Protein chains: 2
Amino acid sequence: MISSPSGASQYHEVAARLRDAIAAGEYPRGGQLPTEEKLAERLGVHRVTVNRALSILRAEGLVYVHRGKGTFVTEIPPIRRNAVLRYSREARERSGGRGAFATEITALGRAPRSDVTVSRAVPPSRVAAILGVSDQDKSCVRRARLMYADDTPVQIADSYIPLEIAGGTAIEDTDSGPGGIISRFADLGLAQARITEEIDIRPPSTDEAEFLKMSPDQRVYDVTHTGWTANGRAVEVCLHVMPAHQWRLEYEWPADQQPS
Amino acid sequence: MISSPSGASQYHEVAARLRDAIAAGEYPRGGQLPTEEKLAERLGVHRVTVNRALSILRAEGLVYVHRGKGTFVTEIPPIRRNAVLRYSREARERSGGRGAFATEITALGRAPRSDVTVSRAVPPSRVAAILGVSDQDKSCVRRARLMYADDTPVQIADSYIPLEIAGGTAIEDTDSGPGGIISRFADLGLAQARITEEIDIRPPSTDEAEFLKMSPDQRVYDVTHTGWTANGRAVEVCLHVMPAHQWRLEYEWPADQQPS
DNA sequence: GAGTGGTCTAGACCACAGA
DNA sequence: CTGTGGTCTAGACCACTCG
């Protein structure tokens with residue numbers, strides 16, 4: 001590592017080199033990288049420098065480490081989440097009630113799985129504010145979903161619905177029935193007419209990192225999804241948390257849509 | 001730093017502590033943190049460990065460093081980009097032709113500025129594929145914008161329009177005229193009927209990092225925006241690059257929109 | 001036990017800011 | 001010139017995997 005052409009630090013240089021080598025196919029997808037010791041020797045730097053470079057590529061989701069075994073190139077292409085199709089009636093019918101998530105995962109040739117836990121819960125204050133309910137009491141039905149692709153955890157999705165709406169209805173059943181809970185809102189005369197989503201990027205919380213098997217240096221998409229009735233009442237807030245390197249988000253809409 | 005309750009490494013522990021202290025207002029927005037030496041002494045760790053912890057908070061955009069001066073808490077709230085409103089006719093009229101970006105920045109009490117460079121250029125191959133043009137020739141008009149809020153660089157936006165459409169039209173003028181270039185497409189009988197956006201997260205390229213004043217450990221939103229006519233022709237692709245910690249993305253759409 | 005990666009301390013040197 | 005943060009090397013120790 002004699003030259004440092006771009007002026008960047010050595011560990012960024014090493015990271016860039018390895019990134020390029022992976023992109024060039026020099027280390028195949030799923031394949032193992034040389035040990036840090038070997039890389040250090042080959043590049044003429046200390047092992048700690050290589051380790052720091054690899055920690056960058058790890059944070060980008062380009063490689064992962066099996067501790068005690070070695071460092072490997074990530075092989076999985078990103079999951080595409082089309083937010084609009086997810087919630088369209090046509091897609092619900094086309095998918096035969098399997099749900100948007102199952103469609104997304106199946107599209108990649110992987111097997112979807114999803115665990116649902118329904119409870120009555122205290123909503124996060126941000127959610128309570130949107131729904132106009134108390135954030136002190138168990139004022140919501142919470143549908144907590146943990147989602148997998150081929151047994152790899154890929155998403156956490158927590159839906160909150162005011163107890164006043166969902167209490168005692170089919171929304172409290174684990175199996176949300178044909179067409180998903182969207183259809184249950186329609187059954188209750190509270191059809192969702194408009195959807196909003198807010199997207200943030202942040203590091204995972206400790207719990208999230210554990211479930212999603214992420215390092216604290218990686219990032220998650222934090223999507224706040226809200227369903228509104230035609231007269232502007234928020235009836236459902238869903239918080240989606242997804243590893244940023246695992247997903248690609250897609251949106252589409254008519255160009256001259258009027259804000260409502 | 002005797003206790004390591006969560007099992008995480010010391011530098012992650014230190015990062016978490018400082019993150020909490022900042023959230024608690026112990027270090028006010030815009031204020032300076034103690035020196036690394038002081039923090040190291042106070043926490044009973046080596047300065048290098050504190051430095052590594054701070055590099056995490058830097059990557060998150062929570063603090064920034066003036067080299068030689070010290071480390072400071074970031075004071076700026078995220079810029080909200082509502083993708084749908086941006087391109088609605090109503091918003092164009094309401095903003096009096098100032099454009100969506102100016103509206104977003106003004107909403108935060110900051111002063112927008114934008115430099116436009118128009119040229120004929122070779123599009124990136126991904127863009128060429130969407131537009132159905134050659135990626136060998138200068139087959140596109142490129143409108144490259146560099147955008148600032150109070151002289152802070154906040155976005156790079158490169159629009160590509162097939163030369164066949166834009167060549168010799170008002171789209172090649174630096175001043176895109178009333179209603180922006182969206183209105184120029186309508187003038188040409190190629191009104192955009194549908195918009196799609198794809199969102200990715202990645203580290204900045206060297207050039208992007210330099211212009212946006214980012215560290216290589218930070219992340220950008222990479223938004224591929226495409227405008228389609230009613231009969232499904234892609235007439236414009238715009239690549240937006242924004243520091244992820246500086247922006248929040250918002251979308252909204254009617255719940256039962258038919259995919260087109 | 002040998003091999004892997006993850007981390008910490010220690011000491012050093014550098015670049016930059018400001019008096 | 002001093003004080004700030006950024007990085008590198010060096011050596012050490014730990015946790016985990018696998019034979």
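Side chains are part of it too, since the values below use all heavy atoms of this structure and drop only hydrogens, waters and symmetry mates. Source: prediction; values computed, not measured. Order of the sequence lines fixes the chain letters, A, B, ..., with proteins taken first and strands second; residue numbering starts at 1 for each chain.
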Throw together a table of side-chain donor-acceptor distances under 3.5 angstrom for residues 112-128 of chain B, partners on residues two or more places apart or in other chains.
{"from": "Arg120(B)", "atom 1": "NE", "to": "Glu172(B)", "atom 2": "OE2", "distance (Å)": "2.8"}
{"from": "Arg120(B)", "atom 1": "NH2", "to": "Glu172(B)", "atom 2": "OE1", "distance (Å)": "2.9"}
{"from": "Arg120(B)", "atom 1": "NH2", "to": "Glu172(B)", "atom 2": "OE2", "distance (Å)": "3.3"}
{"from": "Arg126(B)", "atom 1": "NH1", "to": "Thr224(B)", "atom 2": "OG1", "distance (Å)": "3.0"}

Q: Strictly below 4.0 Å, heavy-atom distances to any atom of DNA chain D: list the hits from residues 46-53 of chain A, or just say none.
A: His46(A), Arg47(A), Val48(A), Thr49(A)

**Q.** Within residues 66-73 of chain A: residues closer than 4.0 Å to DNA chain D (heavy atoms)
**A.** Arg67(A), Gly68(A), Lys69(A)

Q.
Can you tell me how the ring of Phe72(A) sits relative to the ring of His66(A), calling it parallel under 30°, perpendicular over 60° and tilted otherwise?
A. perpendicular

Q) What closest approach, in Å, do Tyr11(A) and Thr49(A) show between heavy atoms, and which atom pair accounts for it? A) CB-O, 3.7 Å

Q. Considering all heavy atoms of both residues, which atom of Met214(A) and which atom of Pro204(A) are nearest to each other, and what is their separation?
A. CE-CG, 4.1 Å

Hey, are [X] and [Y] close enough for a salt bridge, meaning a charged N less than 4.0 Å from a carboxylate O?
{"X": "Arg248(B)", "Y": "Glu198(A)", "answer": "yes"}
{"X": "Arg202(B)", "Y": "Glu208(B)", "answer": "yes"}
{"X": "Glu41(B)", "Y": "Arg47(B)", "answer": "no"}

Q: Would you please test Tyr251(A) and Glu197(A) for side chain to side chain donor-acceptor pair (under 3.5 Å) and show each step?
A: CA-CA 10 Å; Tyr251(A) 292 87; Glu197(A) 294 197 349; 2.6 Å; yes

Solution key, residues 55-63 of chain B side-chain donor-acceptor pairs under 3.5 Å, sequence neighbours excluded:
{"from": "Ser55(B)", "atom 1": "OG", "to": "Arg52(B)", "atom 2": "O", "distance (Å)": "2.7"}
{"from": "Glu60(B)", "atom 1": "OE1", "to": "Arg19(B)", "atom 2": "NE", "distance (Å)": "3.1"}
{"from": "Glu60(B)", "atom 1": "OE2", "to": "Arg19(B)", "atom 2": "NH2", "distance (Å)": "2.8"}

Q.
In whole Å, I'd like the distance from the CG atom of Leu54(A) to the P atom of dT4(C).
A. 14 Å

Q: Extract, from 5' to 3' on DNA chain D, the first and final nucleotides lying under 4.0 angstrom from some heavy atom of chain A.
A: dT7(D) to dC18(D)

Q. When the ring centroid of Tyr148(B) is compared with that of Phe101(B), is the distance short of 6.0 Å?
A. no

Q: Please round to the nearest 0.5 Å and tell me the distance separating atom SG of Cys238(A) and atom CZ of Arg143(A).
A: 10.0 Å

Q: Have a look at the helix from dG1(C)-dC18(D) to dG18(C)-dC1(D) and give the angle its two end axes make, five pairs each, rounded to 10 degrees.
A: 0°

Q. Going by heavy atoms in the side chains, are Leu212(A) and Val154(A) under 4.5 Å from each other?
A. no

